[in-house]
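Working notes for the structure below.
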Amino acid sequence: MRTTAELEERLARPSAGLIDDLGRLDGDIMILGAGGKLGPSLVRLALNAVQGSRRVIAVSRFSEPGLAQALQDEGATVVAADVADDRALRELPDAPNVVFLVGAKFGTQGREHATWFTNTYLPGRVADRFAGGRIAALSTGNVYPLVPPGGGGSTEDSPVGPVGDYAMSCLGRERVLTHFAETNGTRLSLIRLNYAVELRYGVLVDLAQKVLAGEPIDLATGQVNVVWQGYANEVALRSLLLADVPPYVLNVTGPELVSVRRAAMDLGAALGKEPVFTGEEAPTALLSNAARCHRLFGYPELTPAELIEHTARWVAGGGPLLGKPTKFERRDGRF
């Protein structure tokens, strides 16, 4: 993957399992938040998987110039709408299958009320609008507490323990969606994702940029989970078939624990730069166990070692970046 076109093609390449699973769904697929960082690649993946057998409806405010037209040219039914507006939400076309990607993370500090509106109140409005259908809702592994790396990470049955307003509001999203599942029969899957990576953003891009710039890398969060974005997109779509009452909860990440120190050193070797470190590894980190996901859908096609190699080549070559750091090193929940 050396060009944006090659990266987009790889992200939108459906597996045989995805094609088969979406073939078992009845009706159109709507993606809310189609203009965000995950949305466009997920729309394209769905389009390639359904192969014209039903509509893929892409809904967003579409603030990025040209994106709405590009998705429409590729076969999506594009609806420019702000789903936070009640009238716009009511006027959306009906769809029995909804992937809900809308969320707020960064800029929480000082605007906590807006974060809670987007992450907690709005999902309830969406669940009410699409009552009785299937919704795959993106959540986050941040709903779990920090845990020792030796334990293998939090499972779906582990106690939750969100830190900070972002994480708490995301748990609020899950609680509100569960309420609507119980009261109006909306089948739900809740995707607890961390951390998705591709070549334009993610933990590995954050590390590569710091290595290249000679900036110190804080080692307090010494271990992370990463997963190829294409795999996360595929699981989100396939989880529509798992949607249930009460909601089906699924951790989505890679099978490995990735050492931040080791990843930075490998990136440094590929970039010809010696990483600069600060601090020491704390005894806990935000870590998820996605064994359930891997039993259902197999392992991600790209390993951390392969992702490190691709990321180093991309960053060294001046490939375009989204400019959205993950802030994975924050341990206080302030994003």
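Source: prediction; values computed, not measured.
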Check: D28 main-chain N/O paired with N97 side-chain donor or acceptor under 3.5 Å: yes
Counterpart residues, salt bridge (Lys or Arg N to Asp or Glu O under 4.0 Å), relative to D26 (two or more places apart): none
Hphob cluster co-occupancy, L240 + V56, side-chain heavy atoms under 4.5 angstrom: yes
Student check: side-chain heavy atoms of L207 and F328 closer than 4.5 Å: yes
Heavy-atom closest contact (A95 atom, F130 atom, distance): O-CD2, 3.7 Å
Interatomic distance, L287 atom CG to S158 atom OG [nearest 0.5 angstrom]: 11.5 Å
pair Y166-N119: side-chain heavy atoms closer than 4.5 Å: yes
From CA spacing to verdict: side chain to side chain contact (heavy atoms under 4.5 Å, CB included), L242, L296: CA-CA 10 Å; L242 300 173; L296 289 167; 3.9 Å; yes
Heavy-atom side-chain proximity of Q209 to V205 below 4.5 angstrom: yes
Test item: D157 and R292 side chains (from C-beta on) under 4.5 Å apart, heavy atoms: yes
Summary of ring pair (Phe, Tyr, Trp, His ring centres under 6.0 Å) pairs that have at least one residue in residues 194-235, sequence neighbours excluded: none
Salt-bridge contact R192-E174 (side-chain N to carboxylate O under 4.0 Å): yes
CG-CD1 distance between L42 and I29, expressed to the nearest 0.5 angstrom: 9.0 Å
Between CD on residue Q229 and CG on residue L11, distance to nearest 0.5 Å: 7.0 Å
Where A127 and I135 come nearest, the two heavy atoms and their spacing: CA-CD1, 3.9 Å
Evaluation steps, side chain to side chain contact (heavy atoms under 4.5 Å, CB included), between R262 and V258: CA-CA 8 Å; R262 183 73 260 168; V258 176; over 6 Å; no
ILVMFWY network linking Y248 to L18, side-chain heavy atoms under 4.5 angstrom: yes
Ionic contact status for D85 with R90, cut-off 4.0 Å: no
Derivation of the side chain to side chain donor-acceptor pair (under 3.5 Å) call for T115 and D165: CA-CA 8 Å; T115 300; D165 275 271; over 6 Å; no
Partners passing salt bridge (Lys or Arg N to Asp or Glu O under 4.0 Å) against D21 (at least two apart in sequence or in another chain): R24, R238
N/O donor-acceptor pair under 3.5 Å between R44 side chain and A12 backbone: no
Heavy-atom side-chain contact between T4 and R200 under 4.5 Å: yes
For L193, the option from T140, V227, T253 that meets side-chain contact (heavy atoms from CB on, under 4.5 Å): V227
Inter-residue atom distance L286.CG - T221.OG1, 0.5 Å rounding: 8.5 Å
Steps toward side chain to side chain contact (heavy atoms under 4.5 Å, CB included) verdict (T284, R331): CA-CA 10 Å; T284 59; R331 301 175 61 82; 2.8 Å; yes
Which atom of V78 lies closest to which atom of A68, heavy atoms considered: CG2-O, 3.5 Å
Between CZ on residue R330 and CZ on residue R334, distance to nearest 0.5 Å: 7.5 Å
Where A208 and L271 come nearest, the two heavy atoms and their spacing: O-CD1, 3.8 Å
E256: side-chain contact (heavy atoms from CB on, under 4.5 Å) partners, not counting sequence neighbours: P304
Close side-chain approach of T311 to M1, heavy-atom, < 4.5 Å: no
Same apolar cluster (I L V M F W Y, side chains within < 4.5 Å links), L177/V160: no
Cluster link V245 to L250, ILVMFWY, side chain under 4.5 Å: no
R54 atom CZ, over 12 foreign heavy atoms within 6.0 Å: yes
Sequence neighbours excluded, every pair satisfying ring pair (Phe, Tyr, Trp, His ring centres under 6.0 Å) that has a member inside residues 292-326: H294-Y299
Flag side-chain contact, heavy atom, 4.5 Å: R313 against L199: no
Cluster link M265 to L257, ILVMFWY, side chain under 4.5 Å: no
Counterpart residues, side-chain contact (heavy atoms from CB on, under 4.5 Å), relative to V79 (two or more places apart): I57, V59, A81, L92, P93
Any L188 side-chain heavy atom under 4.5 Å of T178 side chain: no
Y144-N251 side chain donor-acceptor pair, cut-off 3.5 Å: yes
Closest approach of P96 to G27 (non-hydrogen atoms, all atoms of both residues): CG-CA, 3.7 Å
Derivation and outcome, salt bridge (charged side-chain N to carboxylate O under 4.0 Å, His left out), residues K37 and E64: CA-CA 11 Å; K37 66 181 182 182; E64 179 184 330; over 6 Å; no
Taking every non-hydrogen atom, the tightest pair across P275 and A264: CG-O, 3.3 Å
Salt bridge (Lys or Arg N to Asp or Glu O under 4.0 Å) partners for R187, two or more places apart: none
Side chain T155, main chain N289, donor-acceptor under 3.5 Å: no
Hydrophobic cluster of M168, others only, ordered by chain and residue number, side-chain cut-off 4.5 Å: W116
Side-chain hydrophobic cluster, 4.5 Å single linkage: members besides V276: none
Salt bridge (Lys or Arg N to Asp or Glu O under 4.0 Å) against E306, all qualifying residues, sequence neighbours excluded: none
Main-chain N/O of G132 paired to T186 side chain as donor or acceptor, under 3.5 Å: yes
Pairwise distance OG(S15) to CG(D20) - rounded to 0.5 angstrom: 9.5 Å
Salt bridge K210-D206, side-chain N to carboxylate O under 4.0 Å: no
Test ring pair (Phe, Tyr, Trp, His ring centres under 6.0 Å) applied to F277 - qualifying residues, sequence neighbours left out: none
Of V50, L22, L45, the residue whose pairing with P14 passes side-chain contact (heavy atoms from CB on, under 4.5 Å): L45
Hydrophobic cluster (4.5 angstrom, side-chain heavy atoms) - remaining members for F180: V176
Salt-bridge contact E9-R13 (side-chain N to carboxylate O under 4.0 Å): yes
